[in-house]
Amino acid sequence: MLRDIRACVEAEPATGPWFAVRFSERRFAIFEAFPDLAGRQAHVDGGGGDIFRDVARMNAILAKAAQVHRVDVLMSKYYFAYC
């Protein structure tokens with residue numbers, strides 16, 4: 001599933017940094033950033049969102065329903081000098 005979502009976000013110009021992270025053997029998360037609300041909505045309406053809307057697929061691989069937390073970044077630092 002994570003590979004499929006990454007393939008979708010690679011084609012989304014308004015999806016910035018995207019990370020799949022693991023907290024433990026069974027707990028994962030995705031962190032993604034967008035330059036504005038329109039970019040976020042384009043992602044939700046696009047392929048990445050389609051994967052999360054596939055309830056049968058999600059129920060087959062997740063122990064419990066995925067949670068989405070939307071936050072606003074108030075400050076940031078340029079993340080890597082070589083980017």
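Because the structure is predicted, anything quoted here is derived from the model rather than measured.
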Asker: What is the distance from atom NE2 of His43 to atom CZ of Phe34, rounded to the nearest 0.5 Å?
Answerer: 4.5 Å
Asker: Of the non-hydrogen atoms in Cys8 and Gly48, which two are nearest, and what is the gap between them?
Answerer: CB-N, 3.6 Å
Asker: About how many Å separate CE of Met1 and CG of Asp54, when rounded to the nearest 0.5 Å?
Answerer: 11.0 Å
Asker: Measuring from Glu12:CD to Asp45:CG, what's the distance to the nearest 0.5 Å?
Answerer: 10.0 Å
Asker: Identify whether Val71 and Val68 are in the same connected component of the hydrophobic contact network (ILVMFWY, side-chain heavy atoms under 4.5 Å).
Answerer: no
Asker: Are there over 12 heavy-atom neighbours, none belonging to Arg53, within less than 6.0 Å of that residue's CZ?
Answerer: yes
Asker: Should Arg57 and Asp4 be marked as a side chain to side chain contact (heavy atoms under 4.5 Å, CB included) after you check the CA-CA gap, both sets of side-chain angles, and the distance that decides it?
Answerer: CA-CA 12 Å; Arg57 180 180 186 185; Asp4 290 346; 2.4 Å; yes
Asker: Arg26 and Ala63: which non-hydrogen atoms are nearest, and at how many Å?
Answerer: NH2-CB, 4.3 Å
Asker: Look up atom CH2 in Trp18 and atom CD1 in Ile5, then write down how far apart they are to the nearest 0.5 Å.
Answerer: 6.5 Å
Asker: Is there a path of hydrophobic side-chain contacts, each under 4.5 Å between heavy atoms of I/L/V/M/F/W/Y residues, joining Phe31 to Val9?
Answerer: no
Asker: Find the distance between CZ (Phe28) and CG (Leu2) and round it off to the nearest 0.5 Å.
Answerer: 7.0 Å
Asker: Looking at every heavy atom in both Ala14 and Pro35, which two are closest together, and how far apart are they?
Answerer: O-CD, 3.0 Å
Asker: Can you tell me how far CZ of Arg70 sits from CZ of Arg40, rounded to the nearest 0.5 angstrom?
Answerer: 6.0 Å
Asker: What are the two closest heavy atoms between Ser76 and Val73, and how far apart are they?
Answerer: CB-CG1, 4.2 Å
Asker: Look at atom CZ of Arg6 and say whether more than 12 heavy atoms of other residues, nucleotides or ligands are closer to it than 6.0 Å.
Answerer: no
